[in-house]
Amino acid sequence: MCLGPYNKNPVAEQRNASYRSSMNPVEIEEAVTGLAEEPFDRAEFPFQFLAAFGNKKTTISRLRKGNTNQSDIAGGVLQRSNIHIATCDSGTVGQTLTALRDSPKTGTNKAKFILATDGEEFQAEDLISGETVACDFADFPNHFGFFLPLAGITTVQQIRESSFDIRATSRLNRLYVTLLQDNPEWASPERRTDMNHFMARLIFCFFAEDTDIFHAGYQFTETVERMSSGAHEITHEVIGELFRAMNTKHADRTAQGIKTWAGGFPYVNGNLFGGDHALKKRSGSAEMEVPRFSKIARSYLIHIGNLDWTKINPDIFGSMIQAVADDEERGALGMHYTSVPNILKVLNPLLLDDLRSHLEEAGDNARKLLNLRNRMAKIRVFDPACGSGNFLVIAYKEMREIEAEINQRRGEPDRKTEMPLTNFRGIEYRSFPAEVARLALIIAEYQCDVLYRGQKEALAEFLPLDSENWITSGNALRLDWLSICPPTGTGVKVRGDDLFETPLDQSEIDFENAGGETYLCGNPPYLGSLNRNTEQQEDMDRVFGSISKNYKDLDYVAAWFLKAAQFGLATKADAAFVATKSICQGEQVEMLWGPLFKMGFSIKFAHRPFHWANLASNKAGVTCVIVGISNDGPETALLYDEGALLECRNIGPYLIPMSNVIVRKSSQAIHSLSKMDYGNKPTDGGNLILRKDEKDRLIAECPDAAKFVRGYMGSQEFIRSTARYCIWVEDDCLEEADHIPELHRRFNAVRKLRSASVGSQANANASTPHRFVFAPHRSGIAIIIPRVSSERRPYLPVGFVDDSTIVSDGAAVIYEAEVPLFSILASRMHQQWVATVCSRMRMDYRYSNTLGWNTFPLPKLTEQNKTDLTRCAENILLAREAHFPATIADLYDPEAMPEDLRRAHEENDEVLERIYIGRRFRNDTERLEKLFELYTKMTGKKAAA
DNA sequence: TATCCGACAGGCG
DNA sequence: CGCCTGTCGGATA
């Protein structure tokens, strides 16, 4: 997955900075390894151990002083809710661990782990899972994954199981940083590509020497170590010579003057060892360069080479290693990667399930099996945001498994694969991940060959590498996808770098006879309009500019869907991407699905919104969907919701079973009820807002200020009854207010903040700091509708406020509201509508006047209807009052909603639903059907009129 | 003028 | 420290 160089904006940068503060698995691995290399200090070890897992200095010094150390064991350190550690006399590790396990404090303080060591032996136990570790002290860093929950890392089980990948990443990270320090001229953006290329070559060599791709006696690491022994300054020459050998055919080596010690290395080629790109462009020469190694860098290199690289897992390793080269992402170190289960959520319904069902159907029929194999050989999988190639690697591995089964059944178990690696194509913005993706695929191919055909066969055909460059590094939204991934059988092979700028002449492709299928997949970057940089903004213009004029608020990821659709129109390719949920909610539905439906696409399968966990604790994640599109008119569509699968006739753009109805946001209501306003927006940096204590002090110090203070109510204040206040000054009282020193001070602060803002609205209002930048406030009784509220509540929480209170932009508001409006807003009908067509924050309801209120389909109300609804509203309000001082949050807690309140709502629903169909609806599905039907009717009539 | 969104953020128990 | 649930201001129309 690619995250381009975005975040020009200071807010986003700040977010990134805070993300870096917690330790990631790679940093922890480094710290733990460092700890094992130090001499064992019995008294200090527990604290060093905790520090290695990211505990803050203050936490540790408090533990050290004994303030928070709960241990009842001699030499013990017990951190509440985490770990009980004890160091002990030599040879007593077993007893000490037992003592820790039996310690009453271990239980009362909810320790998750116990750990005992004497500096020679190391034993630990995970008290929740019961897993244990027992090893030599020097080896305990190998088990660091075991302890990751100590750092709050529990969400991604896979990380824990990928100790090797994390360790390798950590070492490479160290080497990379050191090399950049030693060779500052390689840090320029231009040379960085060469550095990345160099790292990819190294990784290949480490893998090759451990898997016998390099012949015995010609080990890369060993050769480098031997030839540069005592002379680290020539390390780069040694490596350069080895690379040169691997780039030279055996027949030419003597003529090229390759040194004899390098002569036994195989010819690898495949561009991997070819001359470096930037240099070639600059001087026309393809001579490759190797960065210089300091003594430390050389020792890092040898250390890395001595790891067991056969354990490399190309599915996830790539995601981690790509982050090594990325200054922006180094802090997060690949933690945005797409896990294998999530990748399969895309690939299974997109193509793998179909292939597997054909395999099953073929049984042992040799002809059918052959057809399937031939079909698979012509399938291209194309990930236009491939990052380090996870999707492609998984697709390749899964398809190889199917092919192996075919060959098994056909009695050809050793058969060479029919699926060229070059059928798994990708585009990636950054050069290093693109390089890693190529490498990951090569490694995956080798591993599959070993698995399905045997090591001998795998080795025999592995080298030299195919030199085709089928993973393109560039901006996917500016490249011509057909040029990069034309269907198989068209006669167009992989095109050279220079051609990517020029779109493929479509006459080059014989689509009629192509026959090969293409499937597009991936997890492209998500970026709201707020966080895009200029280049990304222009990308959107290029992709959507000629299609619609209403696209600027679309998420960046939507551009991949549109390009995929355009690609699909030319070649009949289906596509499926992971995306932010917002492309299937709220205003974006119209912007994206309007054009896609018009182009003849529909949703073939989808995963309903699910939470994408973030490894860092205390950080919110993102809510994702997976959407597969096709213009092939599928007869049924598959809708996945967590574990469940629903087959339906059509999946609507809101990812529910329905027709392709799009609800458009509108500033005009389709019903004839009162106008709903957006709340009053301060843009004040908090200076016009007062907590209760601030308000009390202000009025105590200056009673004259009292008349400028009003209640201030948004979502939080209303739902949780947390009082806040605001300064509210009408223009004609400004002079008086400005004489109050505290208000004067606050006005100045607002003026300063608004002037300094990059937002035009803030600037425009800088000279009127006593006023909110948006202030529709009117007197009279108003209804407040929180902008965001929890999805757990069975009804939208709404309520009345009087005009001593200012409704903030944290809520919507209807001024001078009539009581029946409350009944409608508080109904199940309205909740269902808003839940479906409005956007969400996480999974929580997010209210919008233009999307939820103005579009709400409601039959015309009679006077009798209004009287009935008024009575219902009064009953709801009375029931709420009966439980004073319970907050709205208390009252609408689904576990604890009072019975009388629930009854009042039921009654309200009954009255309203009778207005729709003369009876109660059976369920929410029926409610939504009716609402969408009515919406279509009401908007259709309006359009005609 | 008006408003939708956040590869989100932060407080509470 | 994990769970629960909504701020706030910029970009855009």
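Source: prediction; values computed, not measured.
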Item to check | All ring pair (Phe, Tyr, Trp, His ring centres under 6.0 Å) counterparts of A:Y847, not counting sequence neighbours | outcome: A:H830
Item to check | Qualifying residues under ring pair (Phe, Tyr, Trp, His ring centres under 6.0 Å), relative to A:Y551, sequence neighbours excluded | outcome: A:F544
Heavy atoms under 4.0 Å, any strand shown: does [X] hit a base, just sugar-phosphate, or nothing?
| X | value |
| --- | --- |
| A:R846 | base |
| A:R724 | sugar-phosphate |
| A:E791 | nothing |
| A:Q537 | sugar-phosphate |
| A:D893 | nothing |
| A:V758 | sugar-phosphate |
| A:N849 | sugar-phosphate |
| A:R720 | sugar-phosphate |
| A:K665 | sugar-phosphate |
| A:D553 | sugar-phosphate |
| A:S808 | nothing |
| A:K549 | nothing |

Indicate whether OP1 or OP2 belonging to [N] is found under 4.0 Å from a side-chain N or O atom of [X].
| X | N | result |
| --- | --- | --- |
| A:Q716 | C:dC8 | no |
| A:S757 | C:dG10 | yes |
| A:R787 | C:dT5 | no |
| A:N531 | B:dG6 | no |
| A:S839 | B:dC5 | yes |

Checklist entry - Atom CD1 of A:I662 and atom CH2 of A:W593: how far apart are they, to the nearest 0.5 Å? => result 9.5 Å
From the set [options], return the single nucleotide nearest to any side-chain atom of [X].
| X | options | answer |
| --- | --- | --- |
| A:S529 | B:dC8, B:dA2, C:dT12 | C:dT12 |
| A:K681 | C:dT7, B:dT3, C:dG2 | B:dT3 |
| A:M841 | B:dC8, C:dT5, C:dG10 | B:dC8 |
| A:A762 | C:dG10, C:dG6, B:dC5 | C:dG10 |
| A:T683 | B:dC5, C:dG2, C:dG9 | C:dG9 |

Could I get the full list of side chain to side chain contact (heavy atoms under 4.5 Å, CB included) partners for [X], not counting sequence neighbours?
| X | value |
| --- | --- |
| A:R710 | A:C726, A:W728, A:E730, A:H777, A:I806 |
| A:T722 | A:Q716, A:E717, A:R720 |
| A:R608 | A:L639, A:D641, A:L655, A:I656 |

Item to check | 5′-ward residue of the pair A:V578/A:F774 relative to DNA chain B | outcome: A:F774
Checklist entry - Where each residue is assigned the nucleotide of DNA chain B containing its nearest heavy atom, which of A:M843 and A:Q585 is assigned the position nearer the 5′ end? => result A:Q585
Distance check needed: [N] [atom2] versus [X] [atom1], whole Å only.
| X | N | atom1 | atom2 | answer |
| --- | --- | --- | --- | --- |
| A:F772 | B:dT1 | CZ | P | 15 Å |
| A:L554 | B:dG6 | CG | P | 11 Å |
| A:N854 | B:dT3 | CG | P | 8 Å |
| A:N550 | C:dA13 | CG | C1' | 8 Å |
| A:H611 | B:dG6 | NE2 | P | 14 Å |
| A:L527 | C:dG10 | CG | P | 19 Å |
| A:R792 | C:dC4 | CZ | P | 7 Å |

Checklist entry - Should A:R846 and A:D844 count as an ion pair when the cut-off is N to O under 4.0 Å? => result no
Checklist outcome for this item: Judged by nearest nucleotide, the residue sitting upstream toward the 5' end of DNA chain C, A:A889 or A:L753, is A:A889
Item to check | Which residue lies more 5' along DNA chain C, comparing A:S715 with A:S760 via nearest heavy atoms | outcome: A:S715
Is there a donor-acceptor contact under 3.5 Å linking the side chains of [X] and [Y]?
| X | Y | answer |
| --- | --- | --- |
| A:D539 | A:Y556 | yes |
| A:N763 | A:S760 | no |
| A:E694 | A:Y725 | no |

Item to check | P spacing across the pair C:dT5 / B:dA7, given as an integer number of angstrom | outcome: 22 Å
Next on the checklist: Taking B:dC5 as the reference, what is the distance to C:dT7 when you measure between their P atoms (whole Å, please)?
Outcome noted: 15 Å
Checklist entry - How is the base pairing of DNA chain C summarised as a dot-bracket string, given the Watson-Crick and G-U wobble criteria with both distances under 3.5 Å, [ ] for crossing and | for another strand? => result ||||||.||||||
Item to check | Side-chain donor/acceptor contact of A:N523 with base of B:dA7 under 3.5 Å | outcome: yes
Next on the checklist: Any donor-acceptor pair, under 3.5 Å, between the side chain of A:K581 and the base of B:dG6, if you only look at N and O atoms?
Outcome noted: no
